[in-house]
Amino acid sequence: MNETVKKSEKIVIASEGLHKIYAPLLRTTRFRYLDKMRCFRKRSAIPVLGVLIICLLFMNLYIEDEYVLEEEDKHLRDTSTHQLGSDRYIHTIRNLSNLSSSINVTYRILAGMPLSRKRYLTIGLSSVKRKKGNYLLETIKSIFEQSSYEELKEIMVVVHLAEFDSTWCESIVQDISRKFSHHIIAGKLTIIHTPMEFYPMLEGLKRNYNDPDDRVKFRSKQNVDYAFLLNFCANLSDYYLMLEDDVRCSKNFLTTIKKVITSRKGSSWVTLEFSKLGYIGKLYLSNDLPRLAHFLLMFYQEMPCDWLLIHFRGLLAQKDAIRFKPSLFQHMGYYSSYKGAENKLKDDDFEEDACDIPDNPSASLNTNMNVFENYEPIKAYSSTEEYFWAKSPSSGDFYHIAFEKPIKINKIKVCTGTEDRQNDILHHGTLEVGERVVGNKKGKKCTTYLRLGDFKNGNFEMENIDRKVLFNIDCIRILLTKNQIEWLIIKSISIWTTEPMNQ
């Protein structure tokens, strides 16, 4: 509200200022023309005044339109931020870090039972009865069919039937049990239900954003559904992946997720995103699930779940989204779970067979370049939309990668610059590989380097490196060979490995 008032005041001040400047001019011009009583002067004054008035109107409208467009785009999220930042919520949010205990709720296990052995990844789905269409079975089928035998050993799927219609729940359990009985018996699939008695009040809720009552009830209950699902899954695995119940998966998505997690080792994160749509493909550390569950329950009636998730990661010090391409999950439903409304949203970054995902082994990164703001080296060493950005580097400057273990590399691809900043590329540089690491974590380097080749038009790509380099590679160094006035963006560094040679 303060920003809105300030902008309104600026518009009024600007209009008054323009009036004070041009009003005397208009009066003076008018009297001069009346005194001289010359027809040709009158005719010439009319277009001048007309143009002047039009300019004033245009300036005022431009300021106002710009303000309106900006406000319409940001109003809802700004309002949500203001609400969660208000005094009555501050105390609750400050205590978020202490909420590591589980929510006291008794679940009904409708099918299957989680094994005592902790898995690598739990996949959570929450589903309710839809007025049109049901995609839950197709989603479960896609999860299992797109996973290899080895991947299935590390996956646990939990389906939360968050519907109070017991007849519908029994019907869905029978359908799932018939189709996926072997996965249920193997402990890979569990179906749960939370009784209505554990839900908070769902009637007479606050109507934020002018939503109708039924819409407020739907999204508020959805937040609670997710909270109970997260609470149940908190201790089942190392990581947790949230999907919706109308999703198609890419082939071997778990392998890709593991590669991404490995490449982020050593950096802190709260949420990794593998789809840009809704609550699809959002990955969490299982240790954070109790806090997230409590957070969704605290503010269940305030706003939709995907907005709350943005606030949650912000409170845990992850300011920006970390989203990977290509997307691993695609929305396939045609009808929404809310009133059966049409929902044709698609993720245009989705690839069903994303087979060329780089490995990017765990490594420590460092540079001697002047890094701009928070565009740090880690942001180039992944498949995210982020990038590394440095100010006008000099000859001899470097970007260095030191692997945790010696590796054999099949392919390296480095891209610099972006579509918006096509001149911020590496104009003169070379890529080298090295062996025998020395130094500490902050300044690791190799004792010897072998030059693989130069950058061309800001890019470097080479395959079959394992046939050309006979030693296990400990380091990669991107080295500038000439000063450049332009800044440098390293958009992505992609590394594909082969089996390491025997020591």
Side-chain angles (χ1 to χ4, degrees), residues 120-128 130-148 151-152 154-160 162 172 175-176 179-180 183 188-189 219 222 225-226 229 233 239-261 271-284 304-307 309-310 321-358 382-386 492 494:
Y120 183 84
L121 180 71
T122 299
I123 301 170
L125 306 169
S126 182
S127 189
V128 296
R130 296 171 182 258
K131 288 192 174 182
K132 293 181 181 179
N134 189 310
Y135 313 98
L136 176 59
L137 269 69
E138 285 299 311
T139 300
I140 298 171
K141 179 182 177 183
S142 181
I143 292 171
F144 290 130
E145 283 190 350
Q146 296 291 64
S147 302
S148 68
E151 288 172 329
L152 288 175
E154 302 184 83
I155 289 175
M156 170 76 190
V157 179
V158 177
V159 178
H160 182 208
I172 293 297
D175 290 342
I176 294 175
K179 206 162 189 178
F180 305 103
H183 292 303
K188 296 183 177 71
L189 175 60
R219 61 172 170 79
Q222 189 177 56
D225 296 340
Y226 284 135
L229 174 59
C233 297
Y239 300 95
Y240 174 85
L241 179 72
M242 178 63 79
L243 295 182
E244 294 182 3
D245 64 348
D246 52 357
V247 167
R248 189 167 79 252
C249 308
S250 70
K251 191 172 182 61
N252 302 121
F253 63 88
L254 176 61
T255 297
T256 301
I257 289 173
K258 291 181 76 171
K259 287 181 180 181
V260 169
I261 291 172
T271 310
L272 301 181
E273 302 184 11
F274 295 91
S275 172
K276 65 181 179 182
L277 299 179
Y279 206 174
I280 297 173
K282 306 302 184 280
L283 184 78
Y284 300 91
C305 59
D306 47 343
W307 291 16
L309 296 174
I310 294 172
I322 304 173
R323 190 170 79 81
F324 292 82
K325 290 184 180 181
S327 296
L328 302 181
F329 307 97
Q330 177 66 285
H331 178 258
M332 68 175 176
Y334 185 77
Y335 296 106
S336 168
S337 52
Y338 173 62
K339 284 189 170 183
E342 288 187 7
N343 183 1
K344 300 178 182 179
L345 284 176
K346 295 294 178 185
D347 189 335
D348 50 15
D349 293 324
F350 172 73
E351 290 183 14
E352 184 135 14
D353 193 1
C355 58
D356 201 30
I357 303 297
S382 66
S383 301
T384 66
E385 295 178 314
E386 304 170 303
S492 62
S494 302

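We number each residue from 1, following the sequence as shown.
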Quiz item: Can you check whether I172 reaches N134 side chain to side chain, under 4.5 Å on heavy atoms?
Solution: yes

Quiz prompt | Where D225 and S126 come nearest, the two heavy atoms and their spacing | solution = CB-OG, 3.6 Å

Self-check item: Quiz item: cation-pi between K258 and Y120, 6.0 Å / 45°
Solution: yes

Self-check item: For I155, the option from L189, L241, I123, T122 that meets side chain to side chain contact (heavy atoms under 4.5 Å, CB included)
Solution: I123

Quiz item: Where the side chain of S275 meets the backbone of S327, is there a donor-acceptor pair that is under 3.5 Å apart?
Solution: no

Quiz item: Just wondering, do D306 and K282 contact through their side chains at under 4.5 Å, heavy atoms?
Solution: no

Quiz item: Which class fits the ring pair Y279 and Y226: parallel under 30°, tilted 30 to 60°, perpendicular over 60°?
Solution: perpendicular

Exercise. Check ring-ring contact (aromatic ring centres under 6.0 Å, His included) between F253 and all other residues, then give those that pass, not counting sequence neighbours.
Key: F329

Quiz item: Among L136, I140, V159, which one satisfies side chain to side chain contact (heavy atoms under 4.5 Å, CB included) with D245?
Solution: L136

Quiz prompt | Sub-4.5 Å side-chain heavy-atom contact between E154 and L121 | solution = no

Quiz item: Mind checking whether V260 and L283 have side chains closer than 4.5 Å, heavy atoms only?
Solution: no

Quiz item: So, does K179 use its side chain to make a donor-acceptor pair with the main chain of L137 at under 3.5 Å?
Solution: no

Quiz item: Is there side-chain contact between L309 and M242, with heavy atoms separated by less than 4.5 Å?
Solution: no

